[in-house]
K.L.:
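Questions regarding the structure given below will be posed in turn.
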Amino acid sequence: MKKGQLRTGIVESLKFPNKAVVRLAPLTAEEEKTEYCTIKGALPGQRVALVITKVRSGKGEGRLKEILELSPLERGRDSKEGCQHFGVCGGCTYMSLPYEESLKIKEQQVHALLEPVLQKQQTPCMFEPIKPSPVCFGYRNKMEFTFGDAVKDGPLALGMHKKGSFYDIVTVDGCRIVDEDYRRILAGTLDFFAQKELPFFHRLTHQGYLRHLLVRKAFHTGEILAALVTTTQTACALEEWKDMLLALPLTGKFAGILHIENDSVADVVKSDRTEILYGQDYFYEQLLGLQFKVSTFSFFQTNTCGAEVLYQTARDYVGSLLDAEGKPHSVVYDLYSGTGTIAQLMAPVAKKVIGVEIVEEAVEAARENAALNGLDNCTFIAGDVLKVLDGIEEKPDFIILDPPRDGVHPKALKKIIDYGVDRLVYISCKPTSLARDLEGFLEGGYVVERCAVVDQFPWTGNVETICCLRRIK
């Protein structure tokens with residue numbers, strides 16, 4: 001195995017996140033040594049051609065060149081159960097597999113990461129079967145589509161980045177992870193601006209007008225927010241675009257239509273100035289009996305039904321926080337609380353819930369939502385968990401962690417362990433970070449009692465994992 005070689009092989013397994021382990025075919029009939037290489041973008045059982053890009057200590061990394069044979073697990077690429085954009089769009093990973101097979105892959109990946117950690121504890125952990133999303137098609141409640149072209153100097157496109165490309169855009173007017181309303185809003189917007197012949201914002205030259213189309217839709221209430229993101233380099237009357245959207249035959253209804261100006265050179269969806277063309281810049285959504293105000297840039301789980309499974313699991317793991325007389329007596333910390341969803345779910349059974357979140361806009365939304373739900377025992381603090389903990393007077397009886405992808409800062413982890421709470425719940429969107437942090441908890445005297453994988457993001461390589469930990473010393 002040498003750098004630059006063109007090799008073939010069979011994908012034997014997948015490691016998180018989406019790293020395919022390929023058993024390479026021998027170069028000669030006499031070769032006895034079995035060689036392995038990791039690549040991205042392949043599925044178990046596929047026969048692939050690849051180029052070796054790195055060899056170190058006998059381990060190889062490569063770049064997928066071609067899929068020579070489909071996996072026996074896959075549906076045909078022209079299957080009506082799949083997506084017409086799969087393989088070209090860079091969004092989904094497992095769309096060519098039956099949903100049950102994608103669940104098995106995700107479950108196996110998390111098991112492989114956590115088992116070496118869990119084997120170090122004396123008591124066994126109850127690893128529950130993966131919890132599927134109640135809805136696996138049309139589940140997303142937020143999409144950020146990008147304007148561009150599929151080929152250099154080609155016609156205007158609106159959709160997702162082409163697989164493996166930073167510049168090329170695929171028009172995903174048949175995307176399966178959103179419902180028909182999204183597809184009609186996308187197609188209508190693309191047709192409208194293609195007729196206007198307005199230029200898109202080139203991410204290399206930083207010239208152009210059209211940047212993004214942001215669409216949010218509440219799963220339970222059906223309310224829709226649509227926001228066109230542009231630069232200020234061209235003036236355009238957007239009343240016609242607004243009227244076109246309002247005339248579309250949709251199952252949901254528009255709560256607001258917005259125009260957002262963004263002159264940043266970075267390829268991010270942000271606002272320098274926002275104009276409301278119709279309605280308002282927020283809608284309301286329901287989650288496990290609570291109501292939440294969701295604005296243009298509010299953080300809210302992108303799979304509403306999946307979030308209900310995740311948060312119900314968290315509530316089950318927390319168990320009863322009531323005293324012997326059935327009254328709330330516990331102080332609960334909700335660290336990395338976002339817009340306070342978990343805090344508000346815990347509030348009815350807690351004496352007080354204290355949420356800590358670094359994003360100030362999310363903290364304001366959390367306070368507003370708590371008031372909306374009539375919860376007066378929730379306090380939300382804006383700041384870094386590492387810095388804020390020392391200033392909170394009330395000590396916790398229970399802690400819930402839902403950190404960002406990189407996990408908990410090591411110094412913050414030590415402070416959390418030093419509180420010495422009997423039990424805590426850790427929710428993670430990146431199992432590699434979770435495995436690292438669990439090592440710290442085990443060293444600090446905790447064991448993992450229960451663990452479950454929740455598929456919040458069907459067809460993609462992402463997954464949520466939730467653990468319940470108990471202090472033993």
Side-chain angles (χ1 to χ4, degrees), residues 103 106-107 110-111 113-115 117-118 121 123-134 287-290 301 303-323 326 328-338 340-356 378 385 396-404 407-408 413 416-417 419-431 433-435 437-442 444-457 463-472:
L103 292 176
K106 293 185 178 186
E107 188 174 46
V110 177
H111 269 259
L113 286 169
L114 297 190
E115 277 300 329
V117 181
L118 299 178
Q121 63 183 44
T123 57
C125 169
M126 184 174 73
F127 216 126
E128 301 178 28
I130 187 170
K131 297 175 184 286
S133 172
L287 199 67
L288 292 176
L290 296 175
Q301 290 283 359
N303 179 353
T304 305
C305 293
E308 291 181 320
V309 174
L310 178 69
Y311 293 146
Q312 183 59 57
T313 303
R315 200 151 64 177
D316 293 343
Y317 278 17
V318 170
S320 176
L321 296 176
L322 305 179
D323 61 17
H329 74 291
S330 300
V331 174
V332 177
Y333 279 10
D334 178 14
L335 304 183
Y336 313 95
S337 55
T341 311
I342 297 175
Q344 292 171 70
L345 293 173
M346 295 299 112
V349 293
K351 177 183 177 182
K352 184 175 184 178
V353 182
I354 301 174
V356 180
C378 295
V385 166
D397 301 297
F398 196 97
I399 296 176
I400 300 173
L401 301 167
D402 190 2
V408 182
L413 185 68
I416 293 166
I417 291 172
Y419 280 121
V421 296
D422 290 335
R423 291 167 57 247
L424 58 86
V425 166
Y426 189 135
I427 301 172
S428 170
C429 59
K430 189 178 181 182
S433 300
L434 173 64
D437 290 346
L438 289 182
E439 291 265 16
F441 277 112
L442 264 61
Y446 284 85
V447 294
V448 184
E449 284 190 316
R450 297 173 68 183
C451 188
V453 181
V454 180
D455 188 24
Q456 273 275 80
F457 317 99
V463 71
E464 295 271 356
T465 309
I466 180 167
C467 296
C468 181
L469 293 90
R470 177 172 58 88
R471 188 174 181 84
I472 57 172

K.L.:
Where the side chain of Glu128 meets the backbone of Cys451, is there a donor-acceptor pair that is under 3.5 Å apart?
P.N.:
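Pair absent, no side-chain N/O of Glu128 close to backbone of Cys451.
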
K.L.:
Can you list the residues that meet the ring-ring contact (aromatic ring centres under 6.0 Å, His included) rule with Tyr446, with sequence neighbours excluded?
P.N.:
Phe441

K.L.:
If you measure from the Lys or Arg side-chain nitrogens to the Asp or Glu carboxylate oxygens, is any gap between Arg470 and Asp422 under 4.0 Å?
P.N.:
no

K.L.:
Grab the two heavy atoms, one from Val117 and one from Glu439, that are nearest each other, plus how far apart they are.
P.N.:
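In terms of heavy atoms, the two residues are closest at CG2-OE2, 3.8 Å.
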
K.L.:
Could you report the tightest heavy-atom contact between Pro403 and Cys429, atom names first, then the distance?
P.N.:
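Result for this residue pair: O-SG, 4.4 Å.
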
K.L.:
Taking side chain as C-beta onward, heavy atoms only, is Leu335 less than 4.5 Å from Ile416?
P.N.:
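When only atoms from C-beta onward are counted, Ile416 and Leu335 do touch, with a gap below 4.5 Å.
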
K.L.:
Kindly compute the distance separating NZ (Lys352) from CG (Asp397), expressed to the nearest 0.5 Å.
P.N.:
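Between atom NZ of Lys352 and atom CG of Asp397 there are 12.5 Å.
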
K.L.:
Let's go through Val448 and Leu442 carefully: what are the C-alpha distance in whole Å and the side-chain angles of both, what is the deciding distance for side chain to side chain contact (heavy atoms under 4.5 Å, CB included) to 0.1 Å, and is it a yes or a no?
P.N.:
CA-CA 8 Å; Val448 184; Leu442 264 61; 4.3 Å; yes

K.L.:
Begin from the C-alpha positions of Val425 and Phe398 and carry the test side chain to side chain contact (heavy atoms under 4.5 Å, CB included) through to its verdict.
P.N.:
CA-CA 8 Å; Val425 166; Phe398 196 97; 3.8 Å; yes

K.L.:
Decide side chain to side chain contact (heavy atoms under 4.5 Å, CB included) for Tyr426 and Leu469; before the verdict, give the C-alpha distance in whole Å, the side-chain angles of both, and the deciding distance to 0.1 Å.
P.N.:
CA-CA 8 Å; Tyr426 189 135; Leu469 293 90; 4.1 Å; yes

K.L.:
Just how far is it from atom CG of Asp334 to atom SG of Cys378, taken to the nearest 0.5 Å?
P.N.:
9.0 Å

K.L.:
Verify, without hydrogens or angle tests, whether Glu107 (side chain) and Leu103 (backbone) share a donor-acceptor contact under 3.5 angstrom.
P.N.:
no

K.L.:
Would you find a donor on one side and an acceptor on the other, under 3.5 Å apart, between the side chain of Arg423 and the backbone of Tyr317?
P.N.:
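Judged by distance alone, yes, a pair lies under 3.5 Å.
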
K.L.:
Using a 4.5 Å cut-off on heavy atoms from C-beta on, say whether the side chain of Leu434 contacts that of Cys467.
P.N.:
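Cys467 reaches Leu434 side chain to side chain.
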
K.L.:
Which distance, rounded to the nearest 0.5 Å, do you find between the CD1 of Ile466 and the CZ of Arg450?
P.N.:
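Result: 9.0 Å between the selected atoms.
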
K.L.:
What distance separates Thr341 OG1 from Glu308 CD, expressed to the nearest 0.5 Å?
P.N.:
11.0 Å

K.L.:
To the nearest 0.5 Å, how far apart are CG in Leu401 and OH in Tyr336?
P.N.:
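One gets 7.0 Å once the value is rounded to the nearest 0.5 Å.
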
K.L.:
Is a donor from one side chain sitting under 3.5 angstrom from an acceptor on the other, for Ser133 and Asn303?
P.N.:
yes

K.L.:
What closest approach, in Å, do Thr465 and Pro431 show between heavy atoms, and which atom pair accounts for it?
P.N.:
OG1-CB, 4.4 Å

K.L.:
Which residues pass the side chain to side chain donor-acceptor pair (under 3.5 Å) test with Arg471, sequence neighbours left out?
P.N.:
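Once residues adjacent in sequence are excluded, Arg471 has no partner under the side chain to side chain donor-acceptor pair (under 3.5 Å) criterion.
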
K.L.:
Of the non-hydrogen atoms in Ala314 and Ile427, which two are nearest, and what is the gap between them?
P.N.:
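What the structure gives for the nearest pair is CB-CD1, 4.1 Å.
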
K.L.:
Under a 3.5 Å distance rule, please check whether Asp455 uses its side chain to pair with a backbone N or O of Pro132 as donor and acceptor.
P.N.:
no

K.L.:
So does Val408 get a backbone contact from the side chain of Asp437, meaning a donor-acceptor N/O pair under 3.5 Å?
P.N.:
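Present.
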
K.L.:
Got Lys131 and Thr313 here, is their nearest side-chain heavy-atom distance under 4.5 Å?
P.N.:
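Yes; the side chains approach each other to less than 4.5 Å.
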
K.L.:
So, taking the atom named CG in Leu288 and the one named CD1 in Ile342, what distance separates them when rounded to the nearest 0.5 Å?
P.N.:
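Separation between the atoms: 11.0 Å.
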
K.L.:
To check you understand the geometry: which heavy-atom pair defines the closest contact between Ala307 and Gln301, and what is its length?
P.N.:
CB-CB, 3.6 Å

K.L.:
Answer yes or no: is there a side-chain heavy-atom contact under 4.5 Å between Val318 and Ile400?
P.N.:
yes

K.L.:
Does Ser330 use its side chain to pair, donor to acceptor, with the backbone of Val332 at less than 3.5 Å?
P.N.:
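Such a contact is absent between Ser330 side chain and Val332 backbone.
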
K.L.:
Checking the side chain of Glu464 only, and the main-chain atoms of Val454 only, is there a donor and an acceptor separated by less than 3.5 Å?
P.N.:
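No: the side chain of Glu464 does not pair with the backbone of Val454.
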
K.L.:
Between Phe127 and Val453, is any pair of side-chain heavy atoms under 4.5 Å apart?
P.N.:
yes

K.L.:
With side chain to side chain contact (heavy atoms under 4.5 Å, CB included) as the criterion, how do Ile399 and Tyr419 come out once you've worked through the C-alpha distance, each side chain's angles and the decisive distance to 0.1 Å?
P.N.:
CA-CA 9 Å; Ile399 296 176; Tyr419 280 121; 4.0 Å; yes

K.L.:
Are Leu310 and Gln456 packed together at the side-chain level, in the sense that at least one heavy-atom pair is separated by less than 4.5 angstrom?
P.N.:
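When only atoms from C-beta onward are counted, Gln456 and Leu310 do touch, with a gap below 4.5 Å.
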
K.L.:
Looking only at non-hydrogen atoms, find the nearest pair between Pro348 and Gln344 and report the distance.
P.N.:
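Heavy atoms only, the tightest pair is CD-O, 3.4 Å.
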
